[in-house]
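Before any comments, here is the structure.
Excluded from the calculations below are hydrogen atoms, water molecules and symmetry mates; all remaining heavy atoms, backbone and side chain alike, are included. Each residue takes its place number in the sequence, starting with 1.
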Amino acid sequence: DLSELEETTFTHGGKTRQVFRLGSGPAVIVIAEMPGITPKVVDFARRVADLGCTAVLPHLFGVPGKDPVPDGKATLGASALMLSSIVPACASREFVAFATGRTSPVVAWLRALAADEHERCGGTGVGAVGMCFTGGYALAMAADDRLLAPVLSQPSMPVPLTAKQKRAIDISPEDLEKVKHRCAHDGLEVIGLRFKSDRLVPAERFEYLREQLGDAFVAVELEDADANPAAVMSPHSVLTEHLVDEPGTPSRAALDLVLDLFRTRLLAPA
């Protein structure tokens, strides 16, 4: 049920997509993981809205609101839903899944959305959270000065099949240089989240980000025991499926760190 969210569309570069909004205040672009805007992603958006920000959820793939595991069990239907999102995205020219040293073309659309939401919502700037397939998008979006609070939650692209792909993230050298300059000279801070056992987000990727961004990259790396045991898949989704939303737990501390970044960068006086 997405009735509590405002639904509209946004067009840029000849591409029109649905956009869902919740809350008021400075904008945070919440870029859903596969298979799309699930109930757990909406739960995270509510936390952003409760903070005093506008959660902005662009619909890039999947079926908005559909729960991949409504009965809490892995089924053929859940697998089919995941594949129905992954296969078209991997085949689309808008999304970079395997190449290194490239920013996905869809990021240009997301930057335009962020600029439009900044003008609409006001504030000092915009935040962004990318998750899994879209995890690196928040980093690439930070090449734009309006993006003040980028969060990379389990950034999984490019698919880490080779040593080169493991020591990379889906951003072009030009965009990465802009982000590095902002980190070094403008105080930009980038948060990265992963479970240590997650093969989709290898340790080499976070090592690479530390080398590139230095102390501006804040890495949160969790143990398997920190994940929600009720989740049907192995530890992966830090802010959604594997969150243990109880004070004092490591995954809740990770969520609080993300929310605090939005609070200090977007809500604090300029």
Using distance alone, with no hydrogens and no angle criterion, decide if Thr134 and Glu33 have a side-chain donor and acceptor under 3.5 Å apart. no

So how far is it from Leu239 CG to Ser251 OG, rounded to the nearest 0.5 Å? 9.0 Å

In terms of heavy-atom contacts, Val96 and Pro105 come closest through CG2-CD, 4.2 Å

With distance as the sole test, does His242 use its side chain to make a donor-acceptor pair with the main-chain N or O of Ser237 at under 3.5 Å? yes

Do Arg265 and Thr124 have side-chain heavy atoms sitting under 4.5 Å apart? no

CG-OG1 distance between Asp245 and Thr240, expressed to the nearest 0.5 angstrom: 12.0 Å

Between Trp109 and Phe10, what is the ring plane arrangement, given parallel below 30°, perpendicular above 60°, and tilted in between? perpendicular

Close side-chain approach of Cys121 to Pro26, heavy-atom, < 4.5 Å: no

Is it true that a side-chain atom of Ser172 and a backbone atom of Thr103 form a donor plus acceptor pair closer than 3.5 Å? no

Do any N or O atoms from the side chain of Arg205 and from the backbone of Gln165 form a donor-acceptor pair under 3.5 angstrom? yes

Side chains of Leu259 and Leu261: closer than 4.5 Å at any heavy-atom pair? no

Any side-chain to backbone donor/acceptor pair from Thr16 onto Gly14? Under 3.5 Å, distance only. no

Any donor and acceptor pair, going by atom type alone, linking the side chain of Arg182 with main-chain N or O of Asp145 inside 3.5 Å? yes

Let me confirm one number: the CG-CG distance from Leu243 to Asn228, rounded to the nearest 0.5 Å. 7.5 Å

Are Phe20 and Pro64 close enough that some pair of their side-chain heavy atoms sits under 4.5 Å apart? yes

If the threshold is 4.0 Å, N to carboxylate O, is there a salt bridge linking Arg21 and Glu7? no

Is it true that, when you exclude Glu119 itself, more than 12 heavy atoms of the residues, nucleotides or ligands shown sit nearer than 6.0 Å to its CD? no

If we only count heavy atoms from C-beta on, is the Glu241 to His236 side-chain gap below 4.5 Å? no

Do Thr54 side-chain atoms and Gly25 backbone N/O form a donor-acceptor pair below 3.5 Å? yes

Exactly one of Leu110, Leu188, Val126 should register a side chain to side chain contact (heavy atoms under 4.5 Å, CB included) with Leu147. Which one does? Val126

Report yes or no: does Arg120 contribute a side-chain atom to a donor-acceptor pair with the main-chain N or O of Ala115 at less than 3.5 Å? no

Can you name the one residue among Arg46, Lys40, Arg47 that meets side chain to side chain donor-acceptor pair (under 3.5 Å) with Asp43? Arg46

Separation between CE of Met157 and CD1 of Ile169, rounded to the nearest 0.5 Å: 10.5 Å

State whether the side chain of Asp144 and the backbone N or O of Met141 hold a donor-acceptor pair below 3.5 Å, judged by distance alone. no

